[in-house]
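The sequence lines fix the lettering, A, B, ..., with proteins before strands; numbering per chain opens at 1.
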Amino acid sequence: MLILLILSPLIMSQVRVRFAPSPTGFFHIGSARTALFNWLYARHTGGVFILRIEDTDKERNSEQFLQLIYESLTWLGMNWDEGPKYGTSGGGDHGPYRQSERGDIYQAYVGKLLAAGRAYEKDGAIWFKLLGERHEVFDEHRKKTVTKVKTPPVVIEDQIRGRVERVEDEDFVIVRSDGNPVFHLVNVVDDIAMQVTHIIRGEDHLSNTSKHVALYEGFGVKPPAFAHIPLILKQNGPGKMSKRDQGALIEEYQKRGYLPEALVNFLCLLGWNPGDDREKMPIADIIKLYDLPGINQSNARFDDKKLAHMNMLYLLEQPADKFGARAREYFAQQTENAAAKAALTADAAYFGEVMALSQPKVKGVEELPAYTGYFFTEDFATDAKVRDKVMGKGDPKARLAELIEWVPTADFSSDAAIEEGLKALAAKHTLGFGDYQSVARLAVSGTNVGPSITGMFRVLGRGRVRARLQKLSATA
RNA sequence: GUCCCCAUCGUCUAGCCCGGUUAGGACACUACCCUUUCACGGUAAGAACCGGGGUUCGAAUCCCCGUGGGGACGCCA
């Protein structure tokens, strides 16, 4: 009882936000960001994040895309408190959370409008009736005569844009002639029924909002707070980012081995910032600082380079075993890639060591198969240009001979030991470490980029190193 | 065409609300340093207040107009 008394004002004012996607296509960056901004607000305020599936378009819905929504949200770390059950997310007593299962509710609400004279039937469809004087006018753009209604402007108090006024001056369809309710109706009905307090959505919905506010008024319900967030523009060319644009799909980043934390961090910064210079920050800090007034008003262009950089930052701080596991997962997906296949057949500990060696060197997991190829096969390619350059400088043949002789008895127990050994070798001829490094690298990897040569020696082991040195020596 | 939103480096942005800054940071680009290659890291450089009016001693900041960008105008969501 006492607890209830203390909690009741909290419950009364609890923020309830929703993300309401339709399963009609791949899950893309824009949707993810809208979900994220809602999720953050719920977590920031200690409110409720609702997932509602807007599957009223029977033609275009698919179960596959529905699953993709669940998977993508979960992958990004956005759990939902109410909604369809999936893993540990979902549940709640405002369901069902799929609009395809809420037909009775919509019918009841339409009934209310019909009874109140705020809706009528025409051409087999049900229309919402605006209040005011009517007159016919020819619409040049749509090339037809339409009935306009003289109405006062609808006022939207937007949390991001301030006061926005827009005149809604035409009745609109709320139930199609086939009996299916349309988006505007179900969206508003569900937000009323689910007691949504804040509608955070893309700015592309701002023009729809006048319809929605009119519907709220028709139902005699005070509209919730609106927050229209800026859109993400495509990287190249004009217009907003759409599912078909390069880099638009969440699934793609998942497949490419991006870290979800990095993608989320990047997405947060597209239209929001903590107010200082911090960019890479833990999600807990973002939740703490995130708020609606901090959201920008202007659209943001997507930048894959900045995302890649953010991903590298996160990758760099991954524990080696986690990084190795992620790499293995990525390699396993590359079924067409011979290098990836070969790597997977290698000993697990060896694979892990190779990845640990490469972790600080690459920008993304996707670089790994090509970057580490020579660790897993003796049949690796040699870069002709690098070969000419290395073999044309100093006396590489002599260095190779020395290395071949040195390897069998050298101390390979640690990178430091190998370094010491090589330095001692160089000192005998008053040469530098670099004189051995370049030719050794060419011999064992066929290129001039890669991890430290000492690390490569240690991981490859004496046998392989010596064989490769001899092979180069024989063909040089 | 009508309506709505927006406008700081190439890009993401701080500063704007509450007028006085060498207009700051990050990505990208360039140079140098570090170094055992390549990266990472460090330092430096270049790079912006869309234009025009107004208000003011003073405007990136407030107001108006233009221009530009974006969005919406479906029995799609």
In a table with atom names and distances, give each donor-acceptor pair under 3.5 Å that connects a side chain of residues 290-300 of chain A to protein atoms at least two apart or in another chain.
| unit_1 | atom_1 | unit_2 | atom_2 | d |
| --- | --- | --- | --- | --- |
| A:Y290 | OH | A:F37 | O | 3.0 |
| A:Q297 | NE2 | A:I160 | O | 2.8 |
| A:N299 | OD1 | A:L231 | N | 2.8 |

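As rounded to the nearest Å, B:G54 and B:G69 have C1' atoms that lie 25 Å from one another. Taking the P atoms as reference points, B:G15 lies 28 Å from B:G53, given to the whole Å. Between B:A48 and B:U21, the two C1' atoms lie 15 Å apart (nearest whole Å). Nucleotides B:C64 and B:U55 place their P atoms 15 Å apart, quoted to the nearest Å. One C1' atom belongs to B:U36, the other to B:A47, and the distance between them is 35 Å to the nearest Å. For the P atoms, the distance from B:G24 to B:C65 is 32 Å, rounded to whole Å. For B:G68 and B:U30, the C1' atoms lie 31 Å apart once the distance is rounded to whole Å. Nucleotides B:A45 and B:U61, compared at atom C1', are 29 Å apart to the nearest Å.
Nucleotides of RNA chain B with any atom under 4.0 Å from a heavy atom of chain A span, from 5' to 3', B:G1 to B:A77.
Classified by interplanar angle (parallel below 30°, tilted 30° to 60°, perpendicular above 60°), the ring pair A:Y253/A:Y258 is perpendicular. Using bins of under 30°, 30° to 60° and over 60° for the plane-to-plane angle, the ring pair A:Y216/A:F226 lands in the perpendicular bin.
Toward the 5' end of RNA chain B, the nearer of the two residues A:G294 and A:Y371, judged by each one's closest nucleotide, is A:G294. Along RNA chain B, the nucleotide nearest A:Q99 and the nucleotide nearest A:S207 are compared for position; the residue whose nucleotide lies closer to the 5' end is A:S207.
A:D158 comes within contact range of no nucleotide atom at all, as no heavy-atom separation falls under 4.0 Å. Within the nucleic acid shown, A:E54 comes within 4.0 Å of sugar-phosphate atoms alone, with no base atom in reach, counting heavy atoms only. The residue A:A125 sits close to a base: some heavy atom pair falls under 4.0 Å. Residue A:G432 is classed as having no contact, given no heavy-atom separation below 4.0 Å to the nucleic acid. Residue contacts shown for A:G434 are absent, as no nucleic acid heavy atom lies under 4.0 Å away. Base engagement by A:P451 is indicated by at least one non-hydrogen atom pair under 4.0 Å involving a base atom. Residue contacts for A:E203: at a heavy-atom cut-off of 4.0 Å it reaches a base atom on one of the strands shown. Backbone-only engagement by A:E165 is indicated by non-hydrogen atom pairs under 4.0 Å involving sugar-phosphate atoms exclusively. Residue A:N208 is in base contact, counting any heavy-atom pair closer than 4.0 Å across all strands shown. Nucleic acid contact for A:H184: base, since at least one base atom lies under 4.0 Å from a heavy atom of the residue. Within the nucleic acid shown, A:T56 comes within 4.0 Å of sugar-phosphate atoms alone, with no base atom in reach, counting heavy atoms only. Residue A:G202 is classed as having no contact, given no heavy-atom separation below 4.0 Å to the nucleic acid. As judged by a 4.0 angstrom heavy-atom cut-off over every strand, A:N299 is placed among residues touching the sugar-phosphate backbone only. Base engagement by A:R60 is indicated by at least one non-hydrogen atom pair under 4.0 Å involving a base atom.
You'll find the ring centres of A:F331 and A:F351 inside the 6.0 Å limit. Checked against the 6.0 Å centroid criterion, the rings of A:H228 and A:H205 do not qualify as a close aromatic pair.
Pairing of B:C18, defined by two Watson-Crick or G-U wobble distances under 3.5 Å, is not identified with any nucleotide. Taking a pair to require two hydrogen-bonding distances under 3.5 Å in either a Watson-Crick or a G-U wobble arrangement, B:G1 pairs with B:C73. Under the Watson-Crick or G-U wobble criterion, with both distances below 3.5 Å, B:G41 is paired with B:C33. Partner assigned to B:A26 is B:U11, using Watson-Crick or G-U wobble distances below 3.5 angstrom. As the counterpart of B:G68, B:C6 is assigned, both hydrogen-bonding distances of the Watson-Crick or G-U wobble pattern falling under 3.5 Å.
A:K393 has no carboxylate O lying under 4.0 Å from a charged side-chain N of A:D435, or vice versa, which leaves the two without a salt bridge.
Atom-to-atom distance recorded for A:Q359:CD and A:E317:CD is 10.0 Å, nearest 0.5 angstrom.
Here the side chains of A:C268 and A:L40 are in contact, with some heavy-atom distance below 4.5 Å. The closest side-chain heavy-atom distance from A:D411 to A:I418 is not below 4.5 Å.
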